[in-house]
Amino acid sequence: MADKTRVAFLGLGAMGLPMSEHILAAGFPLTVWNRTAAKADALVAAGAVRAATPRDAAQGADVILTCLPTQDEVRDVLTRPDGLLAGLARGAAFVDTSTIDPSASQQLIALCAERGVDMIEAPLSGGTIGAKSGTLTMMIGGDAAILERVRPVLESMAKNIFHVGGAGMGQTLKLCNQMIAGAQTIALSEAYAILHAAGVDAKLATDVFAVSTANCVAIQQRVPVPGVLPNSPATNGWRAGFATEWMAKDLFLSLQFARSLDIPVAQNAANLQCFEQAIQAGYRKLDQSVYGKLLIDAVDAHKKHE
Ligand code: NDP
(Lines give C-alpha, C1' and ligand atoms only; values in the text may rest on other atoms or scores of the structure.)
Protein backbone atom coordinates (compact mmCIF):
# COMPACT_ATOMS: atom_id res chain seq x y z
CA MET A 1 0.00 0.00 0.00
CA ALA A 2 1.33 3.46 -0.90
CA ASP A 3 2.71 5.79 1.76
CA LYS A 4 -0.20 8.13 1.18
CA THR A 5 -2.71 5.53 2.23
CA ARG A 6 -5.63 7.55 3.60
CA VAL A 7 -6.51 6.44 7.10
CA ALA A 8 -9.58 7.04 9.26
CA PHE A 9 -9.71 6.36 13.01
CA LEU A 10 -12.90 6.18 15.10
CA GLY A 11 -12.92 6.02 18.90
CA LEU A 12 -10.36 8.34 20.47
CA GLY A 13 -10.35 6.92 23.98
CA ALA A 14 -7.46 5.91 26.24
CA MET A 15 -6.14 3.63 23.47
CA GLY A 16 -7.46 5.21 20.27
CA LEU A 17 -6.06 8.69 20.86
CA PRO A 18 -2.40 7.71 21.25
CA MET A 19 -2.75 5.16 18.40
CA SER A 20 -4.05 7.94 16.13
CA GLU A 21 -1.15 10.18 17.15
CA HIS A 22 1.28 7.52 15.90
CA ILE A 23 -0.56 7.15 12.58
CA LEU A 24 -0.38 10.91 12.05
CA ALA A 25 3.27 11.08 13.13
CA ALA A 26 4.08 8.36 10.57
CA GLY A 27 2.84 10.69 7.82
CA PHE A 28 -0.47 9.08 6.86
CA PRO A 29 -3.27 11.51 5.96
CA LEU A 30 -5.70 10.97 8.87
CA THR A 31 -9.41 11.64 9.37
CA VAL A 32 -10.83 11.13 12.87
CA TRP A 33 -14.27 10.77 14.42
CA ASN A 34 -15.18 10.57 18.08
CA ARG A 35 -18.60 10.60 19.74
CA THR A 36 -17.37 13.41 22.01
CA ALA A 37 -15.96 15.66 19.29
CA ALA A 38 -13.71 17.74 21.58
CA LYS A 39 -11.43 14.74 22.21
CA ALA A 40 -10.20 15.16 18.62
CA ASP A 41 -9.12 18.80 19.12
CA ALA A 42 -5.41 18.11 19.74
CA LEU A 43 -5.23 15.72 16.76
CA VAL A 44 -6.92 18.26 14.49
CA ALA A 45 -4.46 20.92 15.68
CA ALA A 46 -1.67 18.48 14.75
CA GLY A 47 -3.02 18.01 11.20
CA ALA A 48 -5.84 15.45 11.30
CA VAL A 49 -9.20 16.17 9.65
CA ARG A 50 -12.32 16.01 11.82
CA ALA A 51 -15.30 14.08 10.41
CA ALA A 52 -18.85 14.91 11.51
CA THR A 53 -20.12 11.30 11.25
CA PRO A 54 -18.63 7.81 10.87
CA ARG A 55 -19.89 7.85 7.25
CA ASP A 56 -17.95 11.04 6.55
CA ALA A 57 -14.84 9.52 8.15
CA ALA A 58 -15.10 6.46 5.91
CA GLN A 59 -15.55 8.38 2.65
CA GLY A 60 -12.27 8.44 0.75
CA ALA A 61 -10.41 6.35 3.33
CA ASP A 62 -8.35 3.31 2.28
CA VAL A 63 -7.90 1.93 5.80
CA ILE A 64 -10.41 2.52 8.61
CA LEU A 65 -9.75 1.61 12.23
CA THR A 66 -12.05 1.51 15.27
CA CYS A 67 -11.22 1.26 18.98
CA LEU A 68 -14.56 1.10 20.83
CA PRO A 69 -15.82 -0.62 24.01
CA THR A 70 -17.83 -3.68 22.89
CA GLN A 71 -19.44 -5.41 19.91
CA ASP A 72 -22.55 -3.22 20.45
CA GLU A 73 -20.70 0.04 19.76
CA VAL A 74 -18.71 -1.46 16.86
CA ARG A 75 -21.90 -2.76 15.21
CA ASP A 76 -23.64 0.57 15.77
CA VAL A 77 -20.81 2.68 14.32
CA LEU A 78 -20.68 0.31 11.35
CA THR A 79 -24.40 -0.04 10.55
CA ARG A 80 -26.21 3.14 11.73
CA PRO A 81 -27.68 5.27 8.92
CA ASP A 82 -24.68 7.64 9.03
CA GLY A 83 -22.32 4.76 9.84
CA LEU A 84 -19.16 3.40 8.25
CA LEU A 85 -20.91 1.06 5.82
CA ALA A 86 -22.74 4.05 4.31
CA GLY A 87 -19.41 5.65 3.44
CA LEU A 88 -16.89 2.87 2.85
CA ALA A 89 -15.75 2.33 -0.72
CA ARG A 90 -15.69 -1.23 -2.08
CA GLY A 91 -12.20 -2.59 -1.54
CA ALA A 92 -11.52 -0.46 1.54
CA ALA A 93 -10.00 -2.26 4.52
CA PHE A 94 -11.58 -2.05 7.97
CA VAL A 95 -9.58 -3.01 11.09
CA ASP A 96 -11.42 -3.29 14.41
CA THR A 97 -8.95 -3.10 17.30
CA SER A 98 -11.61 -3.32 20.06
CA THR A 99 -11.86 -6.40 22.29
CA ILE A 100 -15.24 -7.96 21.42
CA ASP A 101 -17.07 -11.27 21.40
CA PRO A 102 -15.43 -13.67 18.88
CA SER A 103 -18.76 -14.73 17.32
CA ALA A 104 -19.88 -11.11 16.96
CA SER A 105 -16.58 -10.32 15.29
CA GLN A 106 -17.09 -13.22 12.83
CA GLN A 107 -20.56 -11.87 12.03
CA LEU A 108 -19.25 -8.34 11.44
CA ILE A 109 -16.48 -9.64 9.18
CA ALA A 110 -19.09 -11.60 7.18
CA LEU A 111 -21.38 -8.55 6.98
CA CYS A 112 -18.52 -6.40 5.67
CA ALA A 113 -17.61 -9.06 3.10
CA GLU A 114 -21.23 -9.00 1.80
CA ARG A 115 -20.83 -5.25 1.26
CA GLY A 116 -17.46 -5.57 -0.50
CA VAL A 117 -15.46 -4.32 2.49
CA ASP A 118 -12.43 -6.28 3.72
CA MET A 119 -12.43 -6.52 7.54
CA ILE A 120 -9.99 -8.03 10.00
CA GLU A 121 -9.98 -8.00 13.81
CA ALA A 122 -6.87 -6.73 15.59
CA PRO A 123 -7.40 -6.77 19.37
CA LEU A 124 -4.57 -5.16 21.31
CA SER A 125 -2.30 -5.86 24.24
CA GLY A 126 0.17 -3.49 25.88
CA GLY A 127 -2.25 -1.10 27.55
CA THR A 128 -2.07 2.67 27.46
CA ILE A 129 1.70 2.54 28.00
CA GLY A 130 2.09 0.41 24.85
CA ALA A 131 -0.31 2.68 22.93
CA LYS A 132 1.68 5.79 23.88
CA SER A 133 5.04 4.24 23.04
CA GLY A 134 3.78 2.63 19.80
CA THR A 135 4.78 -0.84 21.01
CA LEU A 136 1.40 -2.59 21.07
CA THR A 137 0.86 -6.26 20.36
CA MET A 138 -1.91 -7.05 17.83
CA MET A 139 -3.64 -10.44 17.55
CA ILE A 140 -5.00 -10.53 14.02
CA GLY A 141 -7.94 -12.72 13.02
CA GLY A 142 -9.16 -12.84 9.43
CA ASP A 143 -7.73 -12.97 5.94
CA ALA A 144 -3.90 -12.74 5.96
CA ALA A 145 -3.95 -10.94 2.59
CA ILE A 146 -5.93 -8.05 4.15
CA LEU A 147 -3.37 -7.84 6.96
CA GLU A 148 -0.55 -7.49 4.43
CA ARG A 149 -2.37 -4.59 2.75
CA VAL A 150 -2.81 -2.67 6.01
CA ARG A 151 0.45 -3.74 7.69
CA PRO A 152 2.30 -0.40 7.13
CA VAL A 153 -0.48 1.45 8.96
CA LEU A 154 -0.52 -1.08 11.83
CA GLU A 155 3.28 -0.94 12.11
CA SER A 156 3.05 2.77 12.91
CA MET A 157 1.54 1.88 16.30
CA ALA A 158 2.33 -1.79 17.00
CA LYS A 159 5.62 -3.57 17.55
CA ASN A 160 4.32 -7.15 17.52
CA ILE A 161 1.76 -8.10 14.86
CA PHE A 162 0.66 -11.76 14.87
CA HIS A 163 -1.70 -13.32 12.38
CA VAL A 164 -3.26 -16.02 14.56
CA GLY A 165 -5.97 -17.47 12.28
CA GLY A 166 -9.36 -16.84 10.72
CA ALA A 167 -12.20 -14.55 11.80
CA GLY A 168 -12.80 -14.75 15.57
CA MET A 169 -9.44 -16.34 16.39
CA GLY A 170 -7.73 -13.03 17.21
CA GLN A 171 -10.52 -12.21 19.65
CA THR A 172 -10.35 -15.73 21.12
CA LEU A 173 -6.63 -15.32 21.83
CA LYS A 174 -7.22 -11.88 23.31
CA LEU A 175 -9.91 -13.21 25.69
CA CYS A 176 -7.53 -15.95 26.83
CA ASN A 177 -4.85 -13.30 27.40
CA GLN A 178 -7.36 -11.41 29.56
CA MET A 179 -8.14 -14.52 31.62
CA ILE A 180 -4.44 -14.85 32.44
CA ALA A 181 -3.95 -11.12 33.08
CA GLY A 182 -7.10 -10.90 35.23
CA ALA A 183 -5.98 -13.88 37.32
CA GLN A 184 -2.69 -12.07 38.03
CA THR A 185 -4.53 -8.94 39.19
CA ILE A 186 -6.78 -10.85 41.59
CA ALA A 187 -3.88 -12.97 42.93
CA LEU A 188 -1.88 -9.80 43.63
CA SER A 189 -4.85 -8.12 45.30
CA GLU A 190 -5.35 -11.02 47.69
CA ALA A 191 -1.62 -11.45 48.38
CA TYR A 192 -1.00 -7.76 49.12
CA ALA A 193 -4.03 -7.63 51.43
CA ILE A 194 -2.51 -10.51 53.42
CA LEU A 195 0.91 -8.78 53.45
CA HIS A 196 -0.78 -5.57 54.67
CA ALA A 197 -2.69 -7.37 57.43
CA ALA A 198 0.48 -9.17 58.56
CA GLY A 199 2.63 -6.02 58.48
CA VAL A 200 5.07 -7.12 55.74
CA ASP A 201 6.54 -4.16 53.84
CA ALA A 202 4.92 -4.00 50.37
CA LYS A 203 8.01 -2.56 48.64
CA LEU A 204 10.28 -5.24 50.10
CA ALA A 205 7.75 -7.95 49.14
CA THR A 206 7.68 -6.60 45.57
CA ASP A 207 11.49 -6.70 45.34
CA VAL A 208 11.39 -10.33 46.50
CA PHE A 209 8.57 -11.30 44.10
CA ALA A 210 10.47 -9.72 41.20
CA VAL A 211 13.21 -12.34 41.60
CA SER A 212 10.95 -15.22 42.65
CA THR A 213 8.36 -17.42 40.96
CA ALA A 214 5.63 -14.82 41.63
CA ASN A 215 7.20 -12.51 39.06
CA CYS A 216 4.71 -11.58 36.32
CA VAL A 217 3.53 -8.53 34.37
CA ALA A 218 1.17 -7.54 37.23
CA ILE A 219 4.09 -7.54 39.72
CA GLN A 220 6.02 -5.32 37.32
CA GLN A 221 3.16 -2.89 36.56
CA ARG A 222 0.17 -3.21 38.92
CA VAL A 223 1.16 -3.66 42.59
CA PRO A 224 -2.01 -2.42 44.35
CA VAL A 225 -0.21 -0.28 46.96
CA PRO A 226 0.49 3.43 46.29
CA GLY A 227 4.18 4.37 46.14
CA VAL A 228 5.61 0.88 45.55
CA LEU A 229 5.97 1.21 41.75
CA PRO A 230 6.50 4.76 40.41
CA ASN A 231 4.28 4.35 37.32
CA SER A 232 1.58 2.04 38.65
CA PRO A 233 -2.11 3.02 38.66
CA ALA A 234 -2.05 2.76 42.50
CA THR A 235 0.64 5.47 42.66
CA ASN A 236 -1.29 7.63 40.18
CA GLY A 237 -4.70 7.81 41.86
CA TRP A 238 -5.76 4.43 40.37
CA ARG A 239 -6.20 6.15 37.00
CA ALA A 240 -6.78 3.61 34.18
CA GLY A 241 -4.68 2.09 32.58
CA PHE A 242 -7.11 -0.64 31.90
CA ALA A 243 -10.46 0.16 33.46
CA THR A 244 -12.15 -2.33 35.81
CA GLU A 245 -15.25 -2.23 33.57
CA TRP A 246 -13.22 -3.43 30.59
CA MET A 247 -11.64 -6.30 32.51
CA ALA A 248 -15.10 -7.35 33.73
CA LYS A 249 -16.38 -7.11 30.13
CA ASP A 250 -13.52 -9.27 28.82
CA LEU A 251 -13.86 -11.92 31.54
CA PHE A 252 -17.63 -12.05 30.97
CA LEU A 253 -17.02 -12.60 27.24
CA SER A 254 -14.43 -15.29 27.98
CA LEU A 255 -16.80 -17.01 30.41
CA GLN A 256 -19.59 -17.06 27.83
CA PHE A 257 -17.19 -18.34 25.19
CA ALA A 258 -15.84 -21.09 27.48
CA ARG A 259 -19.41 -22.16 28.28
CA SER A 260 -20.21 -22.41 24.57
CA LEU A 261 -17.28 -24.85 24.32
CA ASP A 262 -18.27 -26.75 27.52
CA ILE A 263 -14.96 -25.90 29.18
CA PRO A 264 -15.09 -25.35 32.96
CA VAL A 265 -13.40 -22.07 33.94
CA ALA A 266 -14.10 -21.87 37.67
CA GLN A 267 -11.14 -19.62 38.45
CA ASN A 268 -12.14 -17.19 35.71
CA ALA A 269 -15.72 -17.06 37.05
CA ALA A 270 -14.42 -16.25 40.55
CA ASN A 271 -12.10 -13.55 39.18
CA LEU A 272 -15.01 -11.97 37.30
CA GLN A 273 -17.00 -11.78 40.56
CA CYS A 274 -14.09 -9.89 42.17
CA PHE A 275 -14.02 -7.28 39.38
CA GLU A 276 -17.84 -6.98 39.62
CA GLN A 277 -17.45 -6.24 43.36
CA ALA A 278 -15.05 -3.42 42.50
CA ILE A 279 -17.63 -2.03 40.04
CA GLN A 280 -20.33 -2.20 42.73
CA ALA A 281 -18.00 -0.27 45.06
CA GLY A 282 -17.99 2.59 42.50
CA TYR A 283 -14.62 1.83 40.88
CA ARG A 284 -15.90 1.09 37.33
CA LYS A 285 -13.67 3.66 35.61
CA LEU A 286 -10.56 3.11 37.78
CA ASP A 287 -7.76 0.75 36.89
CA GLN A 288 -8.48 -2.97 37.33
CA SER A 289 -5.84 -3.16 40.10
CA VAL A 290 -8.21 -1.14 42.34
CA TYR A 291 -9.67 -4.47 43.57
CA GLY A 292 -6.53 -4.65 45.74
CA LYS A 293 -7.47 -1.33 47.35
CA LEU A 294 -10.90 -2.76 48.15
CA LEU A 295 -9.33 -5.68 50.06
CA ILE A 296 -6.66 -3.56 51.78
CA ASP A 297 -9.27 -0.97 52.87
CA ALA A 298 -11.32 -3.84 54.32
CA VAL A 299 -8.26 -4.97 56.34
CA ASP A 300 -7.92 -1.42 57.75
CA ALA A 301 -11.63 -1.16 58.54
CA HIS A 302 -11.49 -4.50 60.32
CA LYS A 303 -8.44 -3.39 62.40
CA LYS A 304 -10.27 -0.17 63.41
CA HIS A 305 -13.15 -2.17 64.85
CA GLU A 306 -10.94 -4.54 66.83
P1 NDP B 1 -12.17 4.37 26.59
O2 NDP B 1 -13.35 4.31 27.50
O3 NDP B 1 -11.02 5.18 27.00
O4 NDP B 1 -12.66 4.89 25.15
C5 NDP B 1 -13.83 4.37 24.58
C6 NDP B 1 -14.02 5.03 23.23
O7 NDP B 1 -15.25 4.53 22.68
C8 NDP B 1 -14.20 6.55 23.32
O9 NDP B 1 -13.70 7.13 22.14
C10 NDP B 1 -15.72 6.70 23.39
O11 NDP B 1 -16.19 7.95 22.95
C12 NDP B 1 -16.14 5.62 22.41
N13 NDP B 1 -17.53 5.21 22.64
C14 NDP B 1 -18.07 4.71 23.77
N15 NDP B 1 -19.38 4.44 23.58
C16 NDP B 1 -19.66 4.80 22.31
C17 NDP B 1 -20.84 4.76 21.52
N18 NDP B 1 -22.00 4.30 22.01
N19 NDP B 1 -20.77 5.22 20.24
C20 NDP B 1 -19.61 5.68 19.75
N21 NDP B 1 -18.45 5.74 20.44
C22 NDP B 1 -18.48 5.30 21.71
O23 NDP B 1 -11.75 2.85 26.29
P24 NDP B 1 -10.32 2.24 25.92
O25 NDP B 1 -9.69 3.06 24.87
O26 NDP B 1 -9.59 1.95 27.18
O27 NDP B 1 -10.76 0.81 25.33
C28 NDP B 1 -11.30 0.67 24.02
C29 NDP B 1 -11.22 -0.80 23.61
O30 NDP B 1 -9.86 -1.23 23.66
C31 NDP B 1 -12.02 -1.74 24.52
O32 NDP B 1 -12.56 -2.77 23.75
C33 NDP B 1 -10.95 -2.28 25.46
O34 NDP B 1 -11.31 -3.54 26.00
C35 NDP B 1 -9.75 -2.37 24.52
N36 NDP B 1 -8.43 -2.33 25.15
C37 NDP B 1 -8.13 -1.38 26.10
C38 NDP B 1 -6.87 -1.39 26.68
C39 NDP B 1 -6.49 -0.39 27.75
O40 NDP B 1 -5.42 -0.58 28.40
N41 NDP B 1 -7.26 0.67 27.99
C42 NDP B 1 -5.85 -2.38 26.31
C43 NDP B 1 -6.25 -3.28 25.27
C44 NDP B 1 -7.50 -3.26 24.74
P45 NDP B 1 -16.36 9.17 23.98
O46 NDP B 1 -15.03 9.88 23.98
O47 NDP B 1 -17.46 9.98 23.39
O48 NDP B 1 -16.72 8.61 25.33
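Numbering of ligands and ligand atoms starts at 1, following listing order.
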Would [X] count as being in polar contact with ligand 1, using the rule that some N or O on each side must be under 3.5 angstrom apart?
X     : result
Thr99 : yes
Gly16 : no
Asn34 : yes
Leu68 : yes

Pairing of [X] and [Y] as salt bridge, 4.0 angstrom limit:
X      : Y      : answer
Asp207 : Lys203 : yes
Asp72  : Arg75  : yes
Asp62  : Lys4   : no

For [atom], what is the nearest protein heavy atom, given as residue, atom name and distance?
atom                    : value
atom 36 (N) of ligand 1 : Phe242 CE1, 3.9 Å
atom 28 (C) of ligand 1 : Cys67 SG, 3.7 Å
atom 23 (O) of ligand 1 : Trp246 NE1, 3.1 Å
atom 3 (O) of ligand 1  : Ala14 N, 2.8 Å

Under 4.0 Å to a heavy atom of Thr128 - the qualifying atoms of ligand 1, by number: 40 (O)

Numbered atoms of ligand 1 (with element) below 4.0 Å of Lys249, judged on heavy atoms: 31 (C), 32 (O), 33 (C), 34 (O)

Proximity of Arg35 to ligand 1 by residue part, where a heavy atom lies under 4.0 Å: both

Part of Lys174 with heavy atoms under 4.0 Å of ligand 1, whether side chain, backbone, both or neither: side chain

